[in-house]
Amino acid sequence: MLVGVNDVNPALADSVVAELHANGCQAVALVASVADKQQVTAMIDRAEQELGPLWLLVNNAGVLTTGPTADLSEEAWDLAFDVDAKGVFLCSQAAIRKMIPRQQGRIVNFGSIAGLIVRTAQIGYCAAKAAVIHFSRCLAVEVALTGLPSTVFARG
């Protein structure tokens with residue numbers, strides 16, 4: 001199995017890669033912020049250079065920001081949307097640019113039940129996960145029209 005492991009924290013990415021190596025998998029640490037387009041593009045390019053054509057992208061990066069809406073900082077709101085929603089967009093965009101021409105690939109986006117229900121003091125997280133859910137529906141239809149199999153949506 002060939003696996004690219006992304007984390008913004010190099011030590012965490014390296015730890016997962018070491019565990020995968022110990023279990024007989026070929027893996028590479030791909031350190032990048034999913035909220036930065038240039039880093040995402042470079043990450044996807046590096047993954048393909050080191051592991052071969054991208055055929056599966058799993059968008060599972062996320063941050064949980066908490067606090068009452070009246071007290072939630074703009075920075076906490078932005079962080080939730082930058083990582084949880086924008087990150088899914090940027091990684092999916094970079095991946096489909098590789099997948100559509102080959103007519104091969106799948107994308108799994110992890111949302112959350114929090115995107116479907118009400119949770120108090122988690123408005124940024126809940127709203128960002130709701131965005132991921134709807135983004136996944138829209139992307140599934142859009143990529144199906146290109147002939148690429150539909151995006152898979154998984155919610156946790």
Side-chain angles (χ1 to χ4, degrees), residues 1-65 78-117 119 122 124-156:
M1 180 188 313
L2 307 173
V3 180
V5 176
N6 166 251
D7 200 298
V8 71
N9 181 326
L12 292 176
D14 289 340
S15 172
V16 173
V17 166
E19 186 175 335
L20 289 167
H21 285 166
N23 286 291
C25 296
Q26 181 181 346
V28 62
L30 302 166
V31 178
S33 168
V34 297
D36 182 291
K37 185 174 185 160
Q38 289 181 320
Q39 290 184 42
V40 167
T41 300
M43 173 184 67
I44 297 295
D45 288 344
R46 181 168 171 235
E48 286 209 324
Q49 289 167 0
E50 296 198 27
L51 301 170
L54 180 66
W55 63 270
L56 176 64
L57 171 70
V58 177
N59 284 311
N60 194 38
V63 295
L64 175 63
T65 55
D78 289 346
L79 179 62
F81 269 84
D82 282 350
V83 174
D84 296 0
K86 182 180 177 184
V88 170
F89 162 69
L90 291 175
C91 290
S92 296
Q93 182 183 57
I96 63 174
R97 287 180 173 159
K98 305 282 187 178
M99 294 173 174
I100 288 173
R102 290 192 296 257
Q103 289 295 287
Q104 179 184 4
R106 301 282 193 281
I107 299 174
V108 178
N109 295 329
F110 278 83
S112 170
I113 192 67
L116 299 171
I117 64 170
R119 288 189 174 167
Q122 294 183 6
Y125 178 76
C126 292
K129 289 301 184 175
V132 169
I133 292 167
H134 199 65
F135 171 85
S136 300
R137 291 177 182 139
C138 294
L139 184 62
V141 172
E142 182 179 324
V143 299
L145 295 173
T146 72
L148 186 67
S150 292
T151 300
V152 175
F153 167 68
R155 70 173 181 237

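When a residue number appears, it is its place in the shown sequence, counting from 1.
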(message) Please check this pair: side chain of R102 against backbone of W55, looking for a donor-acceptor N/O pair closer than 3.5 Å.
(response) no
(message) Tell me whether E50 contacts the main-chain N or O of A47 through its side chain, where contact means a donor paired with an acceptor under 3.5 Å.
(response) no
(message) Can you list everything that forms a side-chain hydrogen bond (donor to acceptor under 3.5 Å, both in side chains) with Q26? Sequence neighbours excluded, please.
(response) none
(request) Identify, with sequence neighbours excluded, every residue that meets side-chain hydrogen bond (donor to acceptor under 3.5 Å, both in side chains) alongside R97. (result) none
Closest heavy-atom pair and its distance - [X], [Y]:
| X | Y | result |
| --- | --- | --- |
| V58 | F110 | CG1-CE1, 3.6 Å |
| V40 | L90 | CG1-O, 3.5 Å |
| K129 | S112 | CG-CB, 3.8 Å |
| G87 | N59 | O-OD1, 4.3 Å |
| F81 | A131 | CE2-CB, 4.2 Å |
| A95 | L54 | CB-CD2, 3.6 Å |

(message) Show every salt bridge (charged side-chain N to carboxylate O under 4.0 Å, His left out) that has at least one partner inside residues 82-91, sequence neighbours left out.
(response) none
Can you list everything that forms a side-chain contact (heavy atoms from CB on, under 4.5 Å) with [X]? Sequence neighbours excluded, please.
| X | value |
| --- | --- |
| N9 | D7, A11, L12 |
| F135 | V88, F89, S92, N109, L139 |
| A27 | V3, V17, L20, H21 |
| Q122 | L64, T66, R119, Y125, C126 |

Nearest 0.5 Å please: distance from the [atom1] atom of [X] over to the [atom2] atom of [Y].
| X | Y | atom1 | atom2 | answer |
| --- | --- | --- | --- | --- |
| L57 | I96 | CG | CD1 | 10.5 Å |
| Q104 | L56 | CD | CG | 11.0 Å |
| R46 | I44 | CZ | CD1 | 12.0 Å |

(request) Check salt bridge (Lys or Arg N to Asp or Glu O under 4.0 Å) between K98 and all other residues, then give those that pass, not counting sequence neighbours. (result) D45, E48
Atom pairs and distances, donor-acceptor, side-chain atoms in residues 140-147, under 3.5 Å, two or more places apart:
| residue | atom | partner | partner atom | Å |
| --- | --- | --- | --- | --- |
| T146 | OG1 | V143 | O | 2.6 |
| T146 | OG1 | L148 | N | 3.3 |

Solution key, residues 29-39 side-chain donor-acceptor pairs under 3.5 Å, sequence neighbours excluded:
| residue | atom | partner | partner atom | Å |
| --- | --- | --- | --- | --- |
| S33 | OG | A35 | N | 3.2 |
| D36 | OD1 | Q38 | N | 3.1 |
| D36 | OD1 | Q39 | N | 2.8 |
| Q39 | OE1 | S33 | N | 2.7 |

